[in-house]
Asker: 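First, the structure itself, so that you have it in front of you.
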Amino acid sequence: TPLIAPRPLFVINGDSDARTPAPGLTECIDATKAAYQAAGAAHAFRFLSQKNTGHKVQPEALQQAIAWFSQWLQNRFPS
């Protein structure tokens, strides 16, 4: 994560995803938050946990991802 921060990062994960067990996911999210805070970019990291979801992106999460990327791309490449 220190190599990514301070660039924007949006992580979406299902809370029932067998590929990312909760203890490991929590460790990664905590480390990522710390790296972004250390870089002065806490606002550039977002984590979304999808309730009752396995390894897939639900339509609501997809809409949030589109909005997130749109926001950051507009800031990076203004019209």
Side-chain angles (χ1 to χ4, degrees):
T1 305
L3 297 176
I4 299 171
R7 291 179 293 280
L9 177 62
F10 183 28
V11 175
I12 300 170
N13 205 89
D15 68 354
S16 304
D17 187 348
R19 296 176 184 174
T20 52
L25 179 61
T26 299
E27 182 178 336
C28 291
I29 296 303
D30 290 347
T32 302
K33 285 180 183 178
Y36 271 78
Q37 288 175 349
H43 65 285
F45 173 68
R46 179 160 178 225
F47 171 64
L48 174 63
S49 177
Q50 301 175 106
K51 303 284 184 211
N52 304 312
T53 302
H55 191 77
K56 68 184 274 185
V57 176
Q58 298 290 352
E60 180 182 323
L62 177 59
Q63 291 304 313
Q64 290 185 45
I66 291 168
W68 171 264
F69 286 111
S70 179
Q71 167 198 338
W72 284 100
L73 289 172
Q74 285 176 3
N75 289 339
R76 178 90 165 108
F77 304 104
S79 303

Asker: Using 0.5 Å steps for rounding, measure from the CD1 atom of Ile66 to the CG atom of Leu73.
Answerer: 12.0 Å

Asker: Once side-chain contact (heavy atoms from CB on, under 4.5 Å) is applied, do any residues pair with Thr53, and if so which ones, sequence neighbours excluded?
Answerer: Gln50, Lys56, Gln58

Asker: When rounded to the nearest 0.5 angstrom, what distance separates NE2 in His55 from OG in Ser16?
Answerer: 13.5 Å

Asker: Kindly give the heavy-atom pair with the smallest separation between Lys33 and Phe45, and that separation in Å.
Answerer: CG-CE2, 3.7 Å

Asker: What is the distance from atom CD1 of Ile29 to atom OG of Ser49, rounded to the nearest 0.5 Å?
Answerer: 9.0 Å

Asker: Cut-off 3.5 Å, no hydrogens considered: what does the side-chain donor-acceptor table look like for residues 3-13, sequence neighbours left out?
Answerer:
from, atom 1, to, atom 2, distance (Å)
Arg7, NH2, Leu3, O, 2.4
Asn13, OD1, Thr20, OG1, 3.2
Asn13, ND2, Thr20, OG1, 2.9

